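Below, each value reflects all heavy atoms present in this structure, side chains not excepted, and no hydrogens, waters or symmetry copies. Position 1 is the first residue of the sequence; numbering continues from there. Computed from a predicted structure; not experimentally measured.
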Amino acid sequence: MRRNPKGSGSIYTMRDGRRNKKYRAVVTLDADPVTGKRRRMTVGIYRTASEAADALAAWKKDPYDTDVKNLTFGGTIDLWREEHFKAIAENSAYTEKYVIRKFAPLYHRPIRDIKLIDVQKMFDDMDLAPNTKAYYKGIFCSIYNYAEKYGFVDRNFCHLIETGKKVGVREHRIFSPQEISILWRSRLVPLVDTVLILIYTGMRINELLKLKKCDVNLKERYIIGGSKTDAGRDRLIPIHRDLVPLFKGLMRTEGETLVTTRTGKQRGIHSYRVKFHKLMASLGIEHHYVHDTRHTFASLINDSGANGTSIRKIIGHVSFEQMTEKVYTHKTIVELQAAVDMIEIKEA
């Protein structure tokens, strides 16, 4: 931060990889009439510190003749991201970066000039389900709340955006033997290996995406992972013998987690779901929910004849009486491996 004389504002360096504008000029406004706290407002973002200093000087002479009048929606997103992404998890940030791309039609518009009709048209043009639009609206409103907080807009109309009637929870459908055969024949297609792993481990998608390579033991064929419930957290998940080659392939990729992006970063849930839907469409398989894989596993292992106790342990629905401290004996590993190996895999 560059310190200026008292009352003349401040200049901050924006550390987010910008190549062009990276200096943020900020001024302090009058106290909020409700909270009594002094408010701060961004005058603009600039290429050099000198440009930012000139903008602060201009603000002092005429507070209404500044860059904030022409601050674009894209520029507002840049400022919001700098503050917002510090408070959320890395994979959440990755997902929200993807969502923000959908707001591209408004990027170059001055945020003060954007009307409700402009935003509504943008949402109407999105080829997305109402539930997904509602999620996008939440992120859009977070940006607008930020803009209202710092005085970039005079009116926040986010609550008036319509996303359509939300669809109720649909019944999950298991993958048929024919669909699973298609997946095995297509196992070299990107992402198919992870779908097969989900089908034959019963893991939730968030559990697989968070799984670190150091928690995969291929020699003894088991994973230590899981989340959501006390029974499911850090549970032992056996690896079917026929899945080992798929795991080996993923273990050779860059990154700390088993499933990564091309750059070796942990893949976000939203990003995975988008790719999952495209994959299903390309293979001619009709499944709208990744969670269908978990229901498929439950059906497969139940039909295999495995005992109920082993099934519940693998899926993580109940706690282990003998393993409350998460200490896994060799006998337990062998029993769970035997249960999952009872599932017969047919590639054709």
Side-chain angles (χ1 to χ4, degrees), residues 16 71-85 87-149 152-173 190-191 194-195 205-206 209 259 261-262 265-293:
D16 64 351
L71 183 65
T72 64
F73 182 66
T76 305
I77 289 176
D78 286 340
L79 298 171
W80 167 80
R81 282 172 53 175
E82 186 185 19
E83 178 179 294
H84 177 70
F85 284 3
I88 62 176
E90 183 179 350
N91 63 322
S92 297
Y94 181 88
T95 300
E96 293 191 11
K97 286 178 184 177
Y98 178 87
V99 172
I100 290 168
R101 296 176 193 168
K102 292 290 186 180
F103 306 150
L106 300 178
Y107 273 13
H108 301 295
R109 297 277 300 277
I111 190 167
R112 285 182 179 272
D113 294 344
I114 295 174
K115 309 297 183 186
L116 173 60
I117 192 171
D118 303 319
V119 179
Q120 187 61 62
K121 182 179 185 307
M122 180 181 70
F123 274 87
D124 290 344
D125 289 344
M126 292 180 184
D127 186 20
L128 299 169
N131 294 28
T132 305
K133 284 188 181 181
Y135 172 67
Y136 282 34
K137 175 185 173 181
I139 296 174
F140 184 90
C141 288
S142 176
I143 298 168
Y144 248 75
N145 291 340
Y146 173 90
E148 181 183 37
K149 174 182 175 182
F152 300 161
V153 294
D154 299 320
R155 184 186 176 210
N156 188 340
F157 45 70
C158 274
H159 63 288
L160 297 174
I161 300 171
E162 297 179 2
T163 57
K165 187 176 180 181
K166 289 187 177 182
V167 180
V169 177
R170 299 177 184 176
E171 184 178 352
H172 288 283
R173 187 170 65 84
L191 210 74
T194 61
V195 178
I205 179 56
N206 65 311
L209 296 181
V259 182
T261 63
R262 291 181 180 179
K265 294 182 179 179
Q266 178 182 328
R267 184 170 293 285
I269 292 178
H270 182 76
S271 169
Y272 185 93
R273 284 175 176 154
V274 170
K275 290 184 176 295
F276 174 85
H277 293 150
K278 290 181 178 178
L279 175 66
M280 294 298 103
S282 69
L283 296 178
I285 299 175
E286 189 176 351
H287 280 275
H288 302 290
Y289 300 99
V290 181
H291 203 68
D292 287 355
T293 58

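Taking the side-chain contact (heavy atoms from CB on, under 4.5 Å) definition, one finds that E162 meets it with Q120, sequence neighbours left out. In terms of the side-chain hydrogen bond (donor to acceptor under 3.5 Å, both in side chains) criterion, residue partners of T194 (sequence neighbours excluded) are, by chain and number, Y272. With sequence neighbours excluded, the residues forming a ring-ring contact (aromatic ring centres under 6.0 Å, His included) with H270 are Y98, Y136, listed by chain and number. Remark: I117 pairs with K115 by the side-chain contact (heavy atoms from CB on, under 4.5 Å) rule, at least two apart or across chains. Under the rule for a side-chain hydrogen bond (donor to acceptor under 3.5 Å, both in side chains), the partners of N156 that lie at least two apart in sequence or sit in another chain are N145, E148. Legend: residues meeting ring-ring contact (aromatic ring centres under 6.0 Å, His included) with H277, ordered by chain and number and at least two apart, are absent. With sequence neighbours left out, D118 forms a salt bridge (charged side-chain N to carboxylate O under 4.0 Å, His left out) with R109. In this structure, the salt bridge (charged side-chain N to carboxylate O under 4.0 Å, His left out) partners of D125, at least two apart in sequence or on a different chain, are K121. Taking the side-chain hydrogen bond (donor to acceptor under 3.5 Å, both in side chains) definition, one finds that Y135 meets it with nothing, sequence neighbours left out.
The structure places CD1 of I205 at 7.0 Å from OG1 of T293, a figure rounded to the nearest 0.5 Å. With values rounded to the nearest 0.5 angstrom, M122 atom CE is found 10.5 Å from K133 atom NZ. With values rounded to the nearest 0.5 angstrom, I111 atom CD1 is found 8.5 Å from T72 atom OG1. Within the model, atoms CD1 of I161 and CG of D124 stand 10.5 Å from one another, a figure rounded to the nearest 0.5 Å.
In this structure the side chain of I143 reaches within 4.5 angstrom of the side chain of F73, judged on heavy atoms. Looking only at side-chain heavy atoms (C-beta outward), Y144 and F157 come within less than 4.5 Å of each other. Between I100 and I77 the shortest side-chain heavy-atom distance falls below 4.5 Å. Side-chain contact between M126 and T132: absent, with no pair of heavy atoms (C-beta onward) separated by less than 4.5 Å. Counting heavy atoms from C-beta on, the side chains of W80 and F85 come closer than 4.5 Å.
A salt bridge links K149 to E83: at least one charged side-chain nitrogen sits closer than 4.0 Å to a carboxylate oxygen.
Closest approach of T76 to A147, counting heavy atoms only: CG2-CB, 4.0 Å. Minimum heavy-atom separation, L209 to Q266: O-CG, 3.4 Å.
The ring-ring contact (aromatic ring centres under 6.0 Å, His included) analysis of residues 105-128, with sequence neighbours excluded, yields the pairs F123-F140. For residues 268-283, no residue pair satisfies the salt bridge (charged side-chain N to carboxylate O under 4.0 Å, His left out) rule, not counting sequence neighbours.
The local environment of NZ in K137 is crowded, with over 12 non-hydrogen atoms from other residues, nucleotides or ligands closer than 6.0 Å.
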